[in-house]
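First the structure, then my questions, so here it is.
Order of appearance sets the numbers: ligands from 1, and atoms from 1 within every ligand. Being a predicted model, the structure only gives us computed values, none of them experimental.
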Amino acid sequence: MATNFSGNAHPWARTIFQAKLEGYRLAMPEHEYVNIKVEIEGDVGLLFFNRPTALNALSSSLMRELVDALTRFEENEKIRCIIITGSDKVFSAGADIKEMSTWNSVEALKQGNLERFDSLRKITKPIIAALSGYALGGGLELAMACDIIVAAEGTKLGQPEINIGVFPGAGGTQRLTRAVGKFKSMDMILTGNTITADEALNRGLVSRVVANELYLSEAKKLAHEIAMKAPLAVKLAKQSILKSFDSPLSEGLEFEHRNFYLIMSSEDKQEGMRAFMEKRKPVYSGR
Ligand code: CAA
């Protein structure tokens, strides 16, 4: 069944099925969103930034659409992994400078865009950021709010906000520092200089670097691989890893151990271990 992404009736009249790829790809009606595009490929939800003339700058309306689409992906039981990407030319050049240039503190607070970045934390399914071209400012901050980052080798990553008289405000000072450490984070944020994908990989800022033409196919391959695992185990593993950013080791270990005891009662644990012993592939139900 097609998911209604508009929030309005009537999805059936507008939903377009396309027999592409392995014959199971579903393309959502393109006019539902203006600043993003969404597609579903089997058990993977794909979200593309779609503001080419503004280098996918993250305007308020784009961020609203992003949160809406992610929420619908989260609610769709068939989707087990999510990819956020841009175009070959640019992942995102950051928050929309033209929009922000007219705001004072009160207007910025009213817009609440920074909280929209935080809403990624509520998504329990794994989110892969697939980067190409530029991942700058809020673009890099959004990628860092995802769970896995796949980057094309030509990607330039950076926090250039200091060059326009501000500094990273969508998690950059916190997540970049946790990823690369104090000294590289200070260097990047205080100079605004970019780094290459290879340097980002060496410093633990991205998960994988691939040839330019492969970044999206690699992200899809990875997403489908994760989507085949037991969903509850994936969810609890993600939660447990994220807990390590918010808590001392003892609390994190306790959280992990409880989640592990919890997963022992899942049907998929029985299936996974039985399949191992019977020397066959497991078939997971998500229970
Ligand atoms: N916001 C709004 N518009 C943007 C934009 C942004 N972040 N980045 C690029 N654009 C627009 C440009 O204004 C230009 O529009 P016009 O054609 O109407 O003039 C168009 O996109 C193409 O950009 P360029 O001509 O600059 O393209 P380029 O190839 O010469 O340079 C670039 C590419 C190096 C990425 C350059 O565009 C750039 O430096 N962009 C800004 C990067 C930046 O400072 N990001 C941080 C934003 S602040 C932030 O993110 C705050 C936060 O933490 C939440």
Does NZ or CZ of K243 come closer than 6.0 Å to the centre of the six-membered ring of F255, within 45° of the ring's axis?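 Checked: cation-pi criterion met.
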Going by an N to O cut-off under 4.0 Å, is there a salt bridge joining R203 and E199? yes
Identify whether the distance between the nearest side-chain nitrogen and carboxylate oxygen of E74 and K122 falls below 4.0 Å. no
Ignoring hydrogens and geometry, is there a side-chain-to-backbone donor-acceptor pair from D268 to G286 under 3.5 Å? yes
Scan residues 84-139 for pairs that pass ring-ring contact (aromatic ring centres under 6.0 Å, His included), counting only residues two or more places apart or in two chains.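 Those involving residues 84-139 are F49-F91.
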Under 4.0 Å from ligand 1 - residues by heavy atom, chain and number: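 Only T53, A54, L55, A57, A93, G94, A95, D96, I97, K98, M100, Y134, L136, G137, G138, E141, P160, E161, I164, P168, G169, A170 have heavy atoms that fall under 4.0 Å of ligand 1, ordered by chain and number.
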In terms of side-chain geometry, is the basic nitrogen of E225 or K220 positioned less than 4.0 Å from the acidic oxygen of its partner? no
